[in-house]
Novice: 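Have a look at this one.
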Amino acid sequence: MKFEAATIKDIAIALGLSTSTVSRALRDSHEISIATKQLVLEYATRINYHPNPIALSLKEKRSRSIGVIVAEIANSFFSQAINGIESVAKDKGYNVMISQTHESFDKEVMTLQYLASRSIDGLLISVSSGTENLDHLKALHERGFPIVFFDRIVEEIQTHKVMVDNFRGAYDATLHLINKGYKHIAVIAGPENLSISRERIAGYREALAHTRVKPGKALIKYSRYAGLQLQEVEQAVSQLLKLRPRPDAIFTASDKLTTNCMRVLKSKGIRIPQDIALVGFSNSDLIELLHPPLTVVRQPAFEMGQIATQLLLQLIESKKPVKEFERKILNTNLIIQASS
């Protein structure tokens, strides 16, 4: 038997009222008596009536839904950001449609087309590692579609952006390794086309510059898929281990790079930190349970999701076109543990 949701017409027939009276009662109209409102509301609750979102969206010209595109939901950073997004959206009466790109540009384009076809009111996006062509985003933005970038932002589109201080986070992590006496510090970052990769590499370089050490190109490795593919991390680590002198510390510039680098080092019998120290960006709640516990740069992912959503809803609900945009930069936190 096919499920059919209860409608205003069902309530009207059952109670012997007109559909317009039921509709006004559900909207708490002053035109309807308290007794009739109570009768309608009690029956609506009994039959599990909920307003039809499609009908509401046609009436209000708004779906009260927002889209979210991230690289991978399983990534601890993105899962925490999504929790922040949903906490604000729910309070404001918005539904959240979430999709992941798995670091694929083609998947990002298809996902954006799908979400736009579902009549979402706006979009929160952290672009994929493969995103260099922005035509799919520019086309929507130029038509006035509300978009807010978070974490992995793009400079070419003028809108609200929320990120962490990537430069400072990388600088603090590298400086910590320097202060602990490590001399040959390597870095593995995401692809160069991502602004967060460039900013984190810049922070790493600046920290080394204070010691008048210029890192050789061989010590800097880039990961096209930002650590999502283990074999890519294995290749980068293997290349670093062949260097002479061999790196005595590695700084990893993303969640997946950090955990997969630790996995690769252990598989090769490299002791952390006795042979090679490891410090990296990570929002995992399990870092204290690892052996050894990881020194990490932690990002305020939940707060980032909240702020990005607040800014998006401002764009959606604004009565006038928004021409002035905010660039929110949040601080990171270096948590020092046994891996360094």
Side-chain angles (χ1 to χ4, degrees), residues 70-87 98 100 102-103 126 151 164-166 168-182 185-190 196 200 204 221 223 225-238 240-241 247-306 330-340:
V70 297
E72 186 191 32
I73 296 171
N75 182 309
S76 54
F77 168 80
F78 286 122
S79 65
Q80 291 164 24
I82 288 168
N83 285 341
I85 290 166
E86 290 188 323
S87 71
I98 304 164
Q100 51 190 342
H102 295 295
E103 304 294 12
S126 181
D151 182 43
V164 299
D165 191 338
N166 293 295
R168 186 74 199 189
Y171 177 90
D172 289 345
T174 308
L175 190 62
H176 162 69
L177 289 169
I178 293 169
N179 291 337
K180 296 297 287 185
Y182 296 101
I185 303 170
V187 60
I188 307 176
I196 60 171
R200 292 173 186 181
Y204 158 83
K221 300 297 179 185
S223 168
Y225 296 102
L228 193 63
Q229 296 186 1
L230 181 61
Q231 64 266 31
E232 198 177 32
V233 183
E234 287 177 331
Q235 182 180 18
V237 171
S238 295
L240 291 174
L241 294 178
D248 54 6
I250 298 176
F251 164 55
T252 45
S254 77
D255 265 83
K256 280 292 184 179
L257 285 171
T258 300
T259 52
N260 276 338
C261 184
M262 186 177 202
R263 183 176 286 113
V264 171
L265 288 173
K266 286 196 168 192
S267 71
K268 294 180 177 295
I270 304 295
R271 297 172 302 163
I272 304 170
Q274 295 91 333
D275 299 327
I276 296 179
L278 179 62
V279 175
F281 275 76
S282 179
N283 269 52
S284 172
D285 294 324
L286 303 177
I287 57 170
E288 295 87 356
L289 303 180
L290 298 174
H291 182 72
L294 275 173
T295 294
V296 298
V297 180
R298 189 175 290 278
Q299 304 176 77
F302 185 87
E303 183 184 358
M304 185 185 293
Q306 287 185 312
L330 310 180
N331 292 326
T332 58
N333 182 29
L334 180 65
I335 301 174
I336 299 172
Q337 299 197 100
S339 70
S340 57

Novice: Are the side chains of K256 and Y225 in contact, using a 4.5 Å heavy-atom criterion?
Specialist: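 Not touching, per the 4.5 Å side-chain cut-off.
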Novice: On a heavy-atom basis, which atom in I272 and which in P292 lie closest, and how many Å separate them?
Specialist: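 Between these two residues, the closest heavy atoms are O-CG, 3.3 Å.
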Novice: Under 3.5 Å, is there a donor-acceptor pair linking the side chains of S223 and E232?
Specialist: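 A donor-acceptor contact under 3.5 Å links the two side chains.
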Novice: Donor-acceptor pair, distance only, cut-off 3.5 Å: does the side chain of S282 make one with the backbone of S284?
Specialist: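 Yes, the answer is positive, given that a donor and an acceptor are paired below the 3.5 Å cut-off.
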Novice: Supply the atom-to-atom distance Q229 CD to E103 CD, rounded to the nearest 0.5 angstrom.
Specialist: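 One finds 9.5 Å between CD of Q229 and CD of E103.
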Novice: Would the distance check show the side chain of N260 and the main-chain N or O of G227 forming a donor-acceptor pair, the cut-off being under 3.5 Å?
Specialist: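 Yes, N260 side chain to G227 backbone: donor-acceptor pair under 3.5 Å.
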Novice: Are side-chain heavy atoms of D165 and L330 found at a separation under 4.5 Å?
Specialist: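 A side-chain contact is absent here, since even the closest heavy-atom pair is not under 4.5 Å.
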Novice: How long is the gap from NZ on K180 to OG1 on T295, to the nearest 0.5 Å?
Specialist: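 Those atoms lie 8.5 Å apart.
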Novice: Any donor-acceptor pair under 3.5 Å linking the side chain of S79 with the backbone of S76?
Specialist: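 Judged by distance alone, yes, a pair lies under 3.5 Å.
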Novice: Using modelled atom types and a 3.5 Å cut-off, is there a donor and acceptor pairing between side-chain atoms of S339 and backbone atoms of A277?
Specialist: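 No; judged by distance alone, with no hydrogens or angles, the pair does not exist.
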Novice: With a 4.5 Å cut-off on side-chain heavy atoms, are L257 and V233 touching?
Specialist: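 V233 vs L257: side chains touch.
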Novice: What's the shortest heavy-atom distance between H291 and M262, and which atoms?
Specialist: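 Shortest heavy-atom separation between H291 and M262 comes out as O-CE, 3.6 Å.
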Novice: Could you tell me the separation between the CD1 atom of I188 and the SG atom of C261, rounded to the nearest 0.5 Å?
Specialist: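 Between I188 CD1 and C261 SG, I get 4.5 Å after rounding to 0.5 Å.
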Novice: What's the shortest heavy-atom distance between I178 and I185, and which atoms?
Specialist: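 Scanning both residues, the minimum pair turns out to be CG1-CD1, 3.7 Å.
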Novice: Would you say the side chain of F281 lies within less than 4.5 Å of the side chain of F77, judging by non-hydrogen atoms?
Specialist: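 No, their side chains stay 4.5 Å or more apart.
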Novice: Got D285 and Q80 here, is their nearest side-chain heavy-atom distance under 4.5 Å?
Specialist: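 They are in side-chain contact.
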Novice: Could you tell me whether the side chain of N75 reaches within less than 4.5 Å of the side chain of I73, counting heavy atoms only?
Specialist: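 No, too far: nothing below the 4.5 Å cut-off.
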Novice: Might you point out which heavy atoms bring S87 and F302 nearest each other, and give the distance in Å?
Specialist: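 Residues S87 and F302, closest heavy atoms: OG-CZ, 3.7 Å.
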Novice: Side chains of D151 and M304, heavy atoms from C-beta outward: is any pair under 4.5 Å?
Specialist: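 Result yes, sub-4.5 Å side-chain heavy-atom pair found.
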Novice: Ignoring hydrogens and angles, tell me if any N or O in the side chain of R200 forms a donor-acceptor pair with the backbone of A253 under 3.5 Å.
Specialist: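 Yes.
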Novice: So do the side chains of F78 and N283 get within less than 4.5 Å of each other, counting heavy atoms only?
Specialist: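 Side chain of F78 against side chain of N283, heavy atoms only: no contact under 4.5 Å found.
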